[in-house]
Number of protein chains: 2
Amino acid sequence: MPSTSDTHALTMLVRKLESIAILSDEERQAILNLPAKTRVLQPGQDIVHDGDKPSQCCLILKGWACRYKIIGEGKRQILSFHIAGDVPDLQSLHIHTMDHSLATLTEATVAFIPHDNLRELIAQHPGIAAAFWRDTLVDAAIFREWLIGMGRRSAYEHMAHLFCELYLKLQAVGLAGSYCCPLPITQVDLADALGLTNVHVNRVLKQMREQSLITLRGHTLVIEAWDELSQVSEFDPTYLHLEKRAAA
Amino acid sequence: MPSTSDTHALTMLVRKLESIAILSDEERQAILNLPAKTRVLQPGQDIVHDGDKPSQCCLILKGWACRYKIIGEGKRQILSFHIAGDVPDLQSLHIHTMDHSLATLTEATVAFIPHDNLRELIAQHPGIAAAFWRDTLVDAAIFREWLIGMGRRSAYEHMAHLFCELYLKLQAVGLAGSYCCPLPITQVDLADALGLTNVHVNRVLKQMREQSLITLRGHTLVIEAWDELSQVSEFDPTYLHLEKRAAA
DNA sequence: TGTAAAAATTGATCTGGGTTATGGCCGCCG
DNA sequence: CGGCGGCCATAACCCAGATCAATTTTTACA
């Protein structure tokens, strides 16, 4: 677990924010001037834990992470997936106690930025504050869509919907190919995200393979039939709010 | 549907914000100076609809409202409940297209405040901006908790958890009595929020009554055994982030 | 105060997804 | 290079909650 100061990491944050807002040169430079300490984490390692009161935020640079919570005798619910450019605990700036945990799913590189510096940044750059706020609102929109999937979609539809979502999110930050993208997680992870068991995830995946909607080779997802996949899950990308917009 | 200008409505907004942040006299006054148009709506009436691009936010003054989305052939998922003091479409300030609808559940009084005035307010008062941001973050925390309920709790646990949540939220704005609070919604509404059928909601309610956890008279919920209710649902109020805090 | 619609209740039956269990594959480490 | 642990796969059986179908109670309003 080496710990180094790495300003270059912040270009990932600039890229992410520019995917949802328009930044001025000055704003871009202010972000790049943030201090950041980069670390490499092993798969399955906690970054922040339920109940913590963090004094820094974490920026994912490489690999996948997830928010999750454990209830009962070890039942896990994954609340969101996170990829390069995400700041999954941005809410800790305004909500001081973590109500869930954050962990890596794969080996991952993450950068840590102190709250103090982020607060100063948003105090001096309202445009950046608006972009961050917007980012947390898109996050909430994704929670809502997951709620709909859990409550009112079948396992098959829900999973198809998730694949559509992940593909578009990865594409938006340049991490997807043509109808194919990395999916470096296990079936257990998928199950815990979808509110299913690993056994049933396996059954549904088999079905989707049989109907030639997808293939899953190693750790990459290939979408063989985007139209069908998005149709069976009634996928409407509006909720991802991917169009670039002026912050103010 | 009378339409009048009613500055007095804004004291509800001040009260709500003061339940999650500390406001200065100047900030309080700035909020009270907002323009607001008040209307009385019938139960089941849409306030904003999926796909709209609103130019104002709505503040609930009386009655209950909910966010919801319809999928498939009329399946409804309720995403959140809203009570007096809530601004359920605050996110429309930064996310321009609605990805869900907002409707009344009971007869309700709501006030409308133009985006332009809200934007000016938060531009001039960073403390208010922070309080609003925090409010949307608590919203997201509630979505996460609902996700956990849908994914990993039984119907019984999930419903018990919801009752604990609603009671505390109503209490926080002075709308609950001693272990009793209004619950002016139908079993169908409850089912659509919990991702169940009305039939099963009825059976679970019966069970909860039989075990003397609650009683449901008319439109008020009486919690007969708070400790048991919160225990069976592993209810931990942290995620509501109700403690009052300085915004900055 | 009658009466019609909305809401709650209950029973019978069915099914999507859970549970339990077992075996195969593959990569890693000793 | 052999054994062990993580992950994937599949089979057999089970159950929480869905579906379908009435019936009763409450509410709203003429």
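Lettering of chains follows the sequences in order, A, B, ..., and the numbering in each one begins at 1.
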Find the distance [X]:[atom1] to [N]:[atom2] and express it as a whole number of Å.
| X | N | atom1 | atom2 | result |
| --- | --- | --- | --- | --- |
| Leu205(B) | dT25(D) | CG | P | 18 Å |
| Asn202(A) | dG6(D) | CG | P | 18 Å |
| His219(B) | dT27(D) | NE2 | C1' | 9 Å |
| His200(A) | dC7(D) | NE2 | C1' | 19 Å |
| Gln42(A) | dG6(D) | CD | P | 15 Å |
| Arg203(B) | dC15(D) | CZ | P | 17 Å |

Problem - Test item: Val188(A) and Arg76(A) side chains (from C-beta on) under 4.5 Å apart, heavy atoms - result: yes

Please examine the side chains of Glu145(B) and Phe143(A), heavy atoms only from C-beta on, and report whether any two atoms are closer than 4.5 Å.
no

- NZ/NE/NH1/NH2 to OD/OE distance under 4.0 Å, Lys16(A) and Asp135(A): yes

Taking only Lys NZ, Arg NE, NH1 and NH2, and the carboxylate oxygens of Asp or Glu, determine whether Asp139(B) and Arg67(B) approach each other closer than 4.0 Å. yes

Expected list for residues 144-154 of chain A near DNA chain D, using heavy atoms below 4.0 Å, is none

First and last nt of DNA chain C near chain B, cut-off under 4.0 Å to heavy atoms, 5' to 3', are dA7(C) to dA12(C)

Within the 4.0 Å heavy-atom criterion, would you say [X] contacts the bases, only the backbone, or no part of the nucleic acid?
| X | value |
| --- | --- |
| Thr186(B) | sugar-phosphate |
| Gly218(A) | nothing |
| Leu196(B) | sugar-phosphate |

Crowding at CD, Glu228(A) (>12 non-hydrogen neighbours, <6.0 Å) = no

Give a yes or no on this: more than 12 heavy atoms of other residues, nucleotides or ligands lie within 6.0 Å of atom CD of Gln211(A). yes

Do the side-chain N and O atoms of Asn198(B) and Gln187(B) include a donor-acceptor pair separated by under 3.5 angstrom? no

Scanning both residues in full, the closest heavy-atom pair of His158(B) with Trp146(B) reads NE2-O, 4.1 Å

Sorted by position of nearest nucleotide on DNA chain D, 5' first, the leading residue of Val199(B) and Val204(B) is Val204(B)

How about Phe163(A) and Phe235(A): are their ring centres within less than 6.0 Å of each other? no

